[in-house]
Amino acid sequence: MYLSKLFIPLLKETPSEAKIKSHQLMLRAGMVKQSSTGIYSWLPLGFKIMKKIEQIVREEQNKIGAQELLMPTIQSAEIWKESGRYDEYGEEMLRIKDRQGKEMLYGPTNEELITEIFRSSVKSYKSLPQLLYHIQWKFRDELRPRFGVMRCKEFFMKDAYSFDLNDDEAKKSYNKMFFAYLNTFKRLGLTAIPMEADTGPIGGDLSHEFVILAETGESQIYSDKRIFDIDINKHDNSDGSIKELRKKYDEFYAVTDDKFKKEDFEKKVKKENQLITKGIEVGHIFYFGDKYSKPLDCSVDLQDGKKVNVKMGSYGIGVSRLVGAIIEAKFNNNIMKWPFSVSPFDIAIIPSLQKNDKSNYLKAEKVYKFLVKNKIDVLFDDTNEHLSAKFKKFDLIGIPYQIILGSKSTEDKFEFKEINGKTENLSSEEIKNKLLNKRNFN
Ligand code: P5A
């Protein structure tokens with residue numbers, strides 16, 4: 001892609017309404033545009049990043065055998081009346097009527113709808129367990145939407161739902177998801193820590209928030225620092241080893257505000273290991289047994305002919321929030337560096353262009369064509385701006401690798417720079433191999 005063709009409305013000044021760095025960067029780099037309070041349009045740069053995050057989330061769900069479907073954004077009020085949440089949900093739910101006067105709503109979550117789908121098609125215990133998910137827009141009429149895409153009204157969520165025969169089986173599904181989440185966040189370049197949390201309007205008695213540390217986060221957390229040192233690679237995906245690893249997480253105190261008890265914290269965590277800080281909730285998982293299957297009458301036949309309500313859990317990841325969360329974690333000293341796995345482009349080519357001398361441009365274009373031919377996604381800065389102005393722009397766009405064609409490059413070796421890292425002189429072949437290796441690693 002040529003930068004001159006990219007729809008990227010960069011802003012020179014930081015808009016005053018943006019209070020945290022992710023919101024500032026997203027507006028300045030032309031990633032999103034607010035269309036009304038808490039509702040955003042996603043512009044090409046922001047959209048591309050969000051789609052990459054979505055894909056990683058999807059791959060990790062598929063890896064544990066979850067199956068993707070797509071439910072609508074608009075739901076009928078009926079099923080919410082059956083579960084009892086229609087009144088409970090209060091003003092956060094956007095309620096609408098169709099032309100027949102039928103009560104509808106814009107889904108804030110999908111426990112009811114998935115239960116309704118399940119009950120109408122699954123009748124036997126033989127069809128369990130089952131894990132279903134979709135990635136879809138949600139709407140919550142938040143009282144105080146703020147911080148850009150972090151707390152907004154319309155947001156993109158991956159929500160999965162598990163169906164099991166009994167509590168033991170259901171806990172296995174919960175643990176599977178627990179580790180799928182750790183793997184997902186790791187691939188996104190984040191360290192997300194599971195913290196015991198309150199279940200709020202979703203319900204149930206077992207729940208973990210996945211939190212990344214950030215001063216601007218809205219979750220207050222209390223934890224034992226050592227939980228950050230757990231090596232998540234030490235399991236082989238078998239139920240047994242996952243259970244073991246899960247136990248390790250349980251050994252260390254880590255809770256959000258509403259679960260915090262001062263006496264417990266001080267008793268269980270030595271002073272030097274105590275960590276009290278803020279974090280961003282990027283995911284939240286719940287086990288709630290038959291909270292929905294009972295009122296909605298979702299049951300399966302057992303071998304002996306008896307019926308049992310299925311045991312359910314639900315598992316959310318804030319896909320659009322993650323765009324902001326990654327920025328909060330990675331944007332430092334006015335320089336953004338996207339993790340390679342979600343970067344909007346693999347590499348930027350930045351030539352220094354002199355008026356009557358096309359040599360750098362031609363050299364750059366040759367490297368560009370070579371990389372594109374090799375399936376590398378390149379942003380080629382073909383604008384006439386001064387190098388220093390170009391660098392400022394790329395500090396916002398955040399592509400982790402740059403090829404700079406200036407005084408230091410020769411005929412076949414170019415300045416290859418990793419943002420906040422080292423600079424080397426490499427040939428286009430070497431650059432291609434480096435990036436392809438990087439991609440395989442991700
Ligand atoms: C779990 C999946 C649920 O809704 N039902 C289906 C359960 N959980 S949750 O914690 O309420 O939301 C899941 C994740 O969605 C993100 N999120 C938001 N992102 C942006 N703006 C919002 N207003 C918002 N609300 C929730 C969070 O990442 C949360 O963990």
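Note that ligands are numbered from 1 as they come in the structure, with each ligand's atoms numbered from 1 the same way. Numbers here simply count residues along the sequence, with the first being 1.
Side-chain N/O atoms of T216 and K21 include no donor and acceptor closer than 3.5 Å. Side-chain contact annotation: N273 with Y253, donor-acceptor N/O pair under 3.5 Å absent. A donor-acceptor contact under 3.5 angstrom links the side chains of Q130 and Q67, judged on distance only.
The distance from the CZ atom of R187 to the CD1 atom of I56 is 4.5 Å, given to the nearest 0.5 Å. Put simply, CZ on F416 and OH on Y401 are 6.0 Å apart, with the number rounded to the nearest 0.5 Å.
With D141 as the partner, the salt bridge (charged side-chain N to carboxylate O under 4.0 Å, His left out) test is satisfied by one option alone out of R95, K153, R151: K153. Residue F210 is tested with F179, F178, Y315, Y249 for a ring-ring contact (aromatic ring centres under 6.0 Å, His included); the sole match is F178.
Less than 4.0 angstrom separates some heavy atom of Y315 from each of these atoms of ligand 1: 1 (C), 2 (C). Near G283, meaning under 4.0 Å from any of its heavy atoms, are these atoms of ligand 1: 30 (O). Using a 4.0 Å cut-off to heavy atoms of D159, the atoms of ligand 1 that qualify are 2 (C), 6 (C). For ligand 1 and T109, the ligand atoms under 4.0 Å from any heavy atom of the residue are 4 (O), 5 (N), 6 (C). Which parts of ligand 1 touch V282 is read off a 4.0 Å heavy-atom cut-off, strictly below it: atoms 28 (O), 30 (O).
Here V149 has backbone heavy atoms under 4.0 Å from ligand 1, and that is the only part of it that gets that close. By the criterion of a heavy-atom distance under 4.0 Å, the side chain of E111, and not its backbone, is placed next to ligand 1. With a 4.0 Å cut-off on non-hydrogen atoms, F210 does not touch ligand 1 at all. Residue E142 touches ligand 1 through its side chain alone, judged by heavy-atom distances below 4.0 Å.
Ion pairing between E88 and R85 fails under the 4.0 Å rule for side-chain N and carboxylate O. In summary, E251 and K248 do not engage in a salt bridge, as defined by a charged side-chain N under 4.0 Å from a carboxylate O.
Counting only heavy atoms of the protein, atom 14 (C) of ligand 1 lies nearest to G318 N, 3.9 Å. In this structure, the protein non-hydrogen atom closest to atom 3 (C) of ligand 1 is I202 CD1, 3.7 Å. Summary of contacts: the protein heavy atom closest to atom 17 (N) of ligand 1 is F155 CE1, 3.5 Å. Remark: minimum distance from atom 30 (O) of ligand 1 to any protein heavy atom is reached at E281 OE2, 2.5 Å. When only non-hydrogen protein atoms are considered, atom 8 (N) of ligand 1 lies nearest to F286 CE1, 3.3 Å. Counting only heavy atoms of the protein, atom 20 (C) of ligand 1 lies nearest to M150 O, 3.2 Å.
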I'd like to know whether R58 forms a side-chain hydrogen bond (donor to acceptor under 3.5 Å, both in side chains) with Q61, so could you lay out the CA-CA distance, the side-chain angles of the two residues, the decisive distance to 0.1 Å, and finally the verdict.
CA-CA 5 Å; R58 173 177 289 119; Q61 293 293 292; over 6 Å; no
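Within the set G107, P108, C152, G200, the minimum heavy-atom distance to atom 23 (N) of ligand 1 is found for C152. The residue from H134, M157, R151, R140 that puts a heavy atom closest to atom 26 (C) of ligand 1 is R140. If you check each of K158, R321, R146 against atom 19 (N) of ligand 1, the one with the closest non-hydrogen atom is R321.
Taking the centre of each ring, Y161 and F118 stay at or above the 6.0 Å mark.
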